[in-house]
Protein chains: 2
Amino acid sequence: MSLATDTADQPTLYKRIRADIEKRILTGEWPPGHRIPFEHELVARYGCSRMTVNKALSELAQADLIERRRRAGSFVRRPQHQSAVLKIADMRAEITSLGRAYGYELIGRKLRAATAADRDRLGVKKAGKVVAITCRHSADNVPFAVEDRLIDLASVPDAATADFSREPPGSWLLHHVPWTEAEHTISAIVADDRTAEALDITVGAPCLVIDRYTWRSARTITAVRLLYPGDSHRLVARFKGG
Amino acid sequence: MSLATDTADQPTLYKRIRADIEKRILTGEWPPGHRIPFEHELVARYGCSRMTVNKALSELAQADLIERRRRAGSFVRRPQHQSAVLKIADMRAEITSLGRAYGYELIGRKLRAATAADRDRLGVKKAGKVVAITCRHSADNVPFAVEDRLIDLASVPDAATADFSREPPGSWLLHHVPWTEAEHTISAIVADDRTAEALDITVGAPCLVIDRYTWRSARTITAVRLLYPGDSHRLVARFKGG
DNA sequence: CACGATTATATGTCTAGACATATAAGTCAA
DNA sequence: TTGACTTATATGTCTAGACATATAATCGTG
């Protein structure tokens with residue numbers, strides 16, 4: 001039998017190049033406007049032919065994550081649409097890209113055996129352990145969103161010992177577990193006592209809710225609910241049509 | 001000197017192949033499930049190398065227009081409702097795709113000179129005429145969404161005489177004015193008296209708001225606000241990662 | 001300094017191969 | 001009929017080149 005390696009099964013080379021770059025963009029390590037390495041530099045780094053690098057970059061361009069300019073190079077695009085809004089897993093990147101100061105605060109963290117509700121939320125059947133995290137993100141010291149997250153320890157055992165008091169769980173996950181698929185559900189609720197206090201709004205005020213469920217090759221990773229003040233936050237998505 | 005030919009300037013070969021196939025899919029000539037010619041057949045038809053054909057097909061696959069299966073071939077995908085949620089301009093299609101009966105009701109229609117608020121909402125400066133429409137969409141006879149729409153008559157003069165008592169303005173526009181670009185803003189509000197009555201919910205209940213602003217080569221067409229009951233409606237978006 | 005011409009360079013497209021791999025389809029035995 | 005094995009084949013990935021083309025940078029001239 002074969003044990004899963006640390007970095008899991010290696011996809012093809014061009015996919016690895018694509019994922020490497022995508023990760024740096026999504027985590028904000030390479031911010032909008034940043035010039036990514038030239039093709040010939042990536043060729044040298046990965047020891048492959050130019051066509052392989054080109055394929056990776058072409059796909060990123062098709063996904064509107066980067067913009068390619070002849071003679072100048074390839075540049076990270078500013079998040080502007082569908083992909084950005086719903087793909088962004090890193091709140092820090094979302095807030096700093098708005099030109100605001102990012103703040104983070106851990107409210108609660110519990111390690112427990114998965115309850116029936118937990119299993120339902122994660123979409124798993126077997127009872128295992130989970131980490132439940134509640135935290136708050138702020139922009140310019142104003143509450144921006146509260147996050148209520150569940151991580152399946154069967155898929156991400158390291159999360160049991162990770163320190164979420166400094167690093168938001170979204171960022172931590174992004175750096176430790178490359179995501180493959182996600183589903184978002186957007187809805188609206190009115191703030192209850194707990195939410196109102198966390199977001200510093202009045203009870204009964206509208207809130208935008210984003211539920212994101214993330215998995216990786218049929219393996220559940222995390223389920224997160226983000227609550228935004230409904231009257232101050234906007235999700236903007238822009239499309240080009242045919 | 002050169003006159004523009006009928007088909008305009010020829011793009012690169014792989015783009016032509018891609019466009020040829022895309023057209024047949026979008027016109028329905030090749031319906032969902034249809035098997036696209038094998039790569040080697042396209043190679044023969046276009047007289048190019050396999051890599052060129054492969055690039056065209058790979059891009060179509062990345063755009064989720066086709067699905068590629070080893071040994072079997074490439075097949076036209078059925079338009080998936082998932083990531084299309086925000087693209088869908090036709091409420092009837094949205095509701096019937098959920099397997100529910102669609103209902104439509106015109107609540108109000110006014111033709112007027114654009115007020116300052118109208119101009120602001122449409123993002124135009126010149127004072128012109130607009131049509132303001134309020135209507136309701138229902139699913140299985142339950143209110144599904146109320147629509148509040150403004151159409152710029154300077155861009156769509158025919159809208160002045162269109163009969164919106166039977167056909168929803170969204171559908172009418174879709175058939176009369178091909179859209180090119182749209183911007184969506186998603187937020188949350190609580191229902192006021194008027195909204196509560198229209199959606200048959202209680203005052204203060206949460207509502208999901210989608211503001212869609214549509215234009216066509218820098219020309220404003222329409223601005224629409226859709227209000228959904230926040231606790232019953234869900235916007236689902238699903239993505240595949242690297 | 002302003003502006004046009006030249007050059008260098010990064011990306012854009014393409015080829016003619018190669019081997020890998022998943023899997024539909026066929027073959028054969030229990 | 002069913003299951004296990006084999007084979008054929010279409011796609012998946014990759015290479016080491018080539019020439020095209022747009023354009024940032026540089027150079028030269030008025």
Distance criterion of 3.5 Å, no angle test: do you see the side chain of A:Arg70 paired donor-to-acceptor with the base of D:dT21? yes
What's the closest nucleotide to the side chain of [X] if the choices are [options]?
{"X": "B:Cys48", "options": "C:dA10, C:dT15, D:dT13", "value": "C:dT15"}
{"X": "B:Tyr14", "options": "D:dT11, C:dG17, C:dC14", "value": "C:dC14"}
{"X": "A:Thr12", "options": "D:dT11, D:dC14, C:dT13", "value": "D:dC14"}

Quickly work out the [X] [atom1] to [N] [atom2] distance and round it to whole Å.
{"X": "B:Asn54", "N": "D:dC14", "atom1": "CG", "atom2": "P", "value": "12 Å"}
{"X": "B:Arg18", "N": "C:dG12", "atom1": "CZ", "atom2": "P", "value": "14 Å"}
{"X": "A:Glu41", "N": "C:dT9", "atom1": "CD", "atom2": "C1'", "value": "13 Å"}
{"X": "A:Phe38", "N": "D:dA24", "atom1": "CZ", "atom2": "P", "value": "12 Å"}
{"X": "B:Glu67", "N": "D:dT11", "atom1": "CD", "atom2": "C1'", "value": "13 Å"}
{"X": "A:Tyr46", "N": "D:dT13", "atom1": "OH", "atom2": "P", "value": "16 Å"}
{"X": "A:Glu39", "N": "D:dA16", "atom1": "CD", "atom2": "P", "value": "16 Å"}
{"X": "A:Arg35", "N": "C:dT9", "atom1": "CZ", "atom2": "C1'", "value": "12 Å"}

Looking at [X], I'd like to know whether one of its side-chain N or O atoms comes within less than 4.0 Å of OP1 or OP2 on [N].
{"X": "B:Arg69", "N": "D:dA10", "result": "no"}
{"X": "B:Ser74", "N": "D:dT11", "result": "yes"}
{"X": "B:Thr52", "N": "C:dT15", "result": "yes"}
{"X": "B:Lys15", "N": "C:dG12", "result": "no"}

First of A:Ser58 and A:Arg71 reached from the 5' end of DNA chain C, by closest nucleotide: A:Arg71
Which comes earlier along DNA chain C counting from the 5' end, the contact point of B:Glu59 or that of B:Arg50, where each point is its nearest nucleotide? B:Glu59
Using only atom types and a distance under 3.5 Å, with no angle test, would you say the side chain of B:Thr220 pairs donor to acceptor with the backbone of B:Val124? no
Is there a donor-acceptor pair under 3.5 Å between the side chain of A:Gln62 and the backbone N or O of B:Glu59? yes
Counting C-beta onward and ignoring hydrogens, is there a side-chain heavy-atom pair between A:Ile186 and A:Leu208 closer than 4.5 Å? yes
Taking any heavy-atom pair under 4.0 Å as a contact, classify A:Leu13: base, sugar-phosphate, or nothing. sugar-phosphate
CG/A:Asp163: more than 12 non-hydrogen atoms of other groups inside 6.0 Å: yes
Residue pair A:Met51/A:Lys55 against DNA chain D: nearer the 5' end by closest nucleotide is A:Lys55
Under the criterion salt bridge (charged side-chain N to carboxylate O under 4.0 Å, His left out), I'd like the reasoning laid out for A:Arg35 against A:Glu41: C-alpha separation, chi angles, the key distance, then a yes or no. CA-CA 12 Å; A:Arg35 209 208 75 226; A:Glu41 292 173 313; 3.5 Å; yes
